[in-house]
2 protein chains.
Amino acid sequence: MTAVTTRCCAPIAREPLSESDAAELAVMLKAVADPVRLRLLSMIGSHAGGEACVCDLTGAFDLTAPTISHHLKTLRTAGLIDGERRGTWVYYRIVPEAVNKLGALFTPLAGPVDLELASA
Amino acid sequence: MTAVTTRCCAPIAREPLSESDAAELAVMLKAVADPVRLRLLSMIGSHAGGEACVCDLTGAFDLTAPTISHHLKTLRTAGLIDGERRGTWVYYRIVPEAVNKLGALFTPLAGPVDLELASA
DNA sequence: GTACTACTTAGACAAACTTCGAATTATGAG
DNA sequence: CTCATAATTCGAAGTTTGTCTAAGTAGTAC
């Protein structure tokens, strides 16, 4: 919960990340460090209504449904998306706090940033 | 080179990433999606003078020199750091443009952002 | 109930990744 | 030149990851 107030540069370049912070962030980054998952995240986030059902996503890839499902689970486990079943379909949406957290890590001049909860 | 001017949300949630953009970004993200490399990047960026020699880094990890060297190469290949030999030591520094590019991807309200070159 | 669709789970396998120890290159000191 | 130090390159071992097929769960319609 270190509220950094300097604004010289991106938080990652302000002071050495602790071992535990690095481990935690790496989990989120690993989830996003894949072309398919990046596109899935992007497609979900930019879809009308801020949510997309799996059926909206699978068609864009040359991959089987189980593979897409696996990637969605990875994103979900990392806290980047959240899913909900409504009738026949399962809808996913972005968790903005998680995405903001990643952005804040690498963004300079973001002002006073709290690494734990970059949402306010 | 799509200059997005809307500011509803993070670029990643504005419009679906193209396959090639996703592939390119995933390379950079993969480099950063590891606890050791995250800490290396952070240690280099926050070191006095904006640069650190390998000898400043190895001590912080329970890893052998070849392993650290391997991770530094990964970061370098991804364009996130740059290295230079001066005498006996090799000094690494952050490439700010690369870090900014990652930050811009996930940061909302960043204003008009050019995905290809988020530096200005 | 059966049949059909949407999605997830389980198991298997190849490719990629992390790490190591050993050998190698590069530089400086005597 | 020889020796010592800093760092990288080179295989190899063990682990993780991405993808598939096959099977299972959840819901709708009849």
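These numbers were taken from a predicted model, which means no experiment stands behind them. Naming convention: chains lettered A, B, ... in sequence-line order (proteins, then strands); numbering from 1 in each chain.
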Atom pairs under 3.5 Å: protein N/O with N/O of nucleotides 11-16 of chain D:
none

Sugar-phosphate, base or nothing in reach of A/Y92, heavy atoms under 4.0 Å
sugar-phosphate
For D/dC20, take OP1 and OP2 only and decide whether either is under 4.0 Å from a side-chain N or O of A/T64. yes
Ranking C/dT8, C/dG28, D/dT9 by distance to the side chain of A/V90, first place goes to C/dT8
Here the distance between atom P of C/dC7 and atom CG of A/L40, to the nearest Å, is 13 Å
By nearest-nucleotide position on DNA chain D, the 5'-leaning member of A/G87 and A/R37 is A/R37
Heavy-atom nearest pair, A/T107 first then A/P11, reads O-CD, 3.5 Å
From CG of A/L75 across to P of D/dG18 the rounded distance in Å is 11 Å
Taking for A/T67 and for B/R85 the nucleotide of DNA chain D with the nearest heavy atom, the one nearer the 5' end belongs to B/R85
Going by chain and number, the hydrophobic cluster around A/W89 (ILVMFWY, side chain to side chain under 4.5 Å) further includes A/Y91
Rounded to whole Å, CG of B/L72 lies from P of D/dT9 at a distance of 11 Å
B/H70 atom NE2 is separated from C/dT19 atom P, nearest whole Å, by 7 Å
Examine C/dA6: is either OP1 or OP2 under 4.0 Å from a nitrogen or oxygen in the side chain of A/T88? Give yes or no.
-> no
>> According to a hydrophobic-cluster definition based on side-chain heavy atoms being under 4.5 Å apart (Ile, Leu, Val, Met, Phe, Trp, Tyr only), do B/V95 and A/L17 belong together?
In response: no
Answer with base, sugar-phosphate or nothing: what part of the nucleic acid does B/I68 contact at a heavy-atom distance below 4.0 Å?
nothing
Taken to the nearest whole Å, CZ/A/R86 to P/D/dA26 is 19 Å
query = Under 4.5 Å between any side-chain heavy atoms of A/L40 and A/Y92, yes or no?
reply = no
Distance col, row A/R93:CZ vs A/I81:CD1, nearest 0.5 angstrom, shows 11.5 Å
B/Y91 atom OH is separated from C/dT27 atom C1', nearest whole Å, by 13 Å
* Contact class for A/R76 vs. all strands (heavy atom < 4.0 Å): base, sugar-phosphate, or nothing? -> nothing
Separation between NZ (A/K101) and CG (A/L80), nearest 0.5 Å, reads 10.0 Å
Report task. Please tell me if the side chains of A/L57 and A/L72 come closer than 4.5 Å, counting only heavy atoms from C-beta onward. Result -> yes
Which of D/dA7, C/dT19, C/dT18 is nearest the side chain of B/L63? It is C/dT19
| query | Can a side chain N or O of A/K73 be found less than 4.0 Å away from OP1 or OP2 on C/dT9? | reply | yes
For B/D62, which contact category applies under a 4.0 Å heavy-atom criterion: base, sugar-phosphate, or nothing? sugar-phosphate
Atom CH2 of B/W89 and atom C1' of D/dA4 are separated, to the nearest Å, by 13 Å
A/H71 atom NE2 is separated from D/dC20 atom P, nearest whole Å, by 9 Å
Open item on the list: I want to check something: taking the side chain as every heavy atom from C-beta on, are B/P16 and A/R39 in contact at a cut-off of under 4.5 Å?
Closed with: no
